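Below: one structure, written as structure tokens.
Atoms considered below: every heavy atom in the structure, side chains included; atoms not considered: hydrogens, waters and symmetry mates. Values in this document were obtained by computation on a predicted structure and should not be read as measured data.
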Amino acid sequence: MATGPNRHWRLLNEGKGAMAKQKFKQKENGKAGEEDRDSLVLRMLFDMRELLVEVHGKCLEHDQRFTEARKSIEDWKETTASGVGFAAHANIRSRTLEKEIADLKDRIDRIERTH
């Protein structure tokens with residue numbers, strides 16, 4: 001059984017072809033009774049139900065893919081935030097150490113000048 005949008009068009013076109021053939025046969029036989037119209041409507045309803053089941057399956061598949069994509073994006077956001085946080089913390093720590101080293105050098109210079 002074919003899948004995708006082409007299948008939908010094929011089913012719709014087959015349905016139109018089947019309806020046209022059925023109407024032609026009815027005219028040929030000289031009967032176009034209620035029974036024939038009911039069977040035509042039922043065939044169309046069954047075709048529509050088949051299409052809806054297929055579309056519903058695709059929607060469920062897409063929902064699952066979107067859920068997976070959302071989880072992946074959330075994981076990426078968390079990883080990025082952690083990475084940036086670690087880098088920012090390391091940068092602040094580095095600046096603090098540089099400042100402490102500069103203060104110690106100044107103190108050593110003052111002590112050396114006084115002696």
Side-chain angles (χ1 to χ4, degrees):
M1 182 181 287
T3 60
N6 292 334
R7 182 184 184 304
H8 298 298
W9 289 113
R10 184 181 57 76
L11 283 174
L12 289 172
N13 288 331
E14 282 179 3
K16 289 179 183 176
M19 287 188 294
K21 287 178 188 174
Q22 190 172 2
K23 285 181 182 178
F24 180 75
K25 284 182 181 179
Q26 287 172 354
K27 286 181 183 178
E28 208 175 61
N29 295 335
K31 66 173 188 176
E34 288 292 320
E35 200 173 290
D36 292 332
R37 276 186 244 149
D38 288 344
S39 67
L40 179 62
V41 170
L42 286 174
R43 176 167 161 56
M44 290 172 63
L45 288 172
F46 284 125
D47 288 346
M48 289 168 53
R49 183 189 306 170
E50 182 181 347
L51 286 172
L52 286 173
V53 167
E54 186 175 324
V55 169
H56 180 69
K58 291 290 182 185
C59 287
L60 293 176
E61 182 182 329
H62 290 161
D63 284 346
Q64 182 180 3
R65 287 183 182 179
F66 283 130
T67 301
E68 291 170 3
R70 282 187 201 103
K71 184 181 181 329
S72 177
I73 289 170
E74 288 301 318
D75 290 346
W76 177 82
K77 285 163 89 177
E78 185 177 322
T79 301
T80 303
S82 297
V84 169
F86 289 137
H89 179 70
N91 189 29
I92 291 170
R93 180 74 179 141
S94 176
R95 286 183 186 170
T96 303
L97 288 175
E98 288 173 1
K99 185 178 178 186
E100 288 177 14
I101 291 170
D103 290 343
L104 289 173
K105 284 182 180 179
D106 288 343
R107 285 176 64 192
I108 291 172
D109 286 344
R110 278 186 267 138
I111 291 172
E112 285 178 350
R113 278 186 264 157
T114 58
H115 285 94

### Nearest-0.5 Å distance, CG of residue L45 to CG of residue L40
9.5 Å
### Task
Mind checking the NE2-NZ spacing from H56 to K58? Nearest 0.5 Å is all I need.
13.5 Å
### Query
How long is the span from the CD1 atom in I101 to the OG1 atom in T96, to the nearest 0.5 Å?
11.0 Å
### Query
Are I108 and K105 close enough that some pair of their side-chain heavy atoms sits under 4.5 Å apart?
no
### Task
Please list, chain by chain and in numerical order, all residues satisfying side chain to side chain contact (heavy atoms under 4.5 Å, CB included) with R70, sequence neighbours excluded.
F66, T67
### T80: side chain to side chain contact (heavy atoms under 4.5 Å, CB included) partners, not counting sequence neighbours
W76, V84
### Task
Only counting residues at least two apart or in another chain, list the ones meeting side chain to side chain donor-acceptor pair (under 3.5 Å) with K99.
none
### Query
Partners of D75 by side chain to side chain contact (heavy atoms under 4.5 Å, CB included), sequence neighbours excluded?
K71
#### Entry: For E68, salt bridge (charged side-chain N to carboxylate O under 4.0 Å, His left out) partners two or more places apart
none
### Query
For R65, what residues pass the salt bridge (charged side-chain N to carboxylate O under 4.0 Å, His left out) criterion, not counting sequence neighbours?
E61
### Task
Please name the residue in the list E50, M48, R49 that meets the side chain to side chain contact (heavy atoms under 4.5 Å, CB included) test with F46.
R49
### Task
Could you walk me through whether E100 and L97 pass side-chain contact (heavy atoms from CB on, under 4.5 Å), step by step?
CA-CA 5 Å; E100 288 177 14; L97 288 175; 4.1 Å; yes
#### Entry: H62 atom NE2: more than 12 heavy-atom contacts under 6.0 Å
yes
### Task
Could you list the residues that satisfy side chain to side chain contact (heavy atoms under 4.5 Å, CB included) with K77, not counting sequence neighbours?
I73, E74
#### Entry: Partners meeting salt bridge (charged side-chain N to carboxylate O under 4.0 Å, His left out) with D106 (sequence neighbours left out)
none
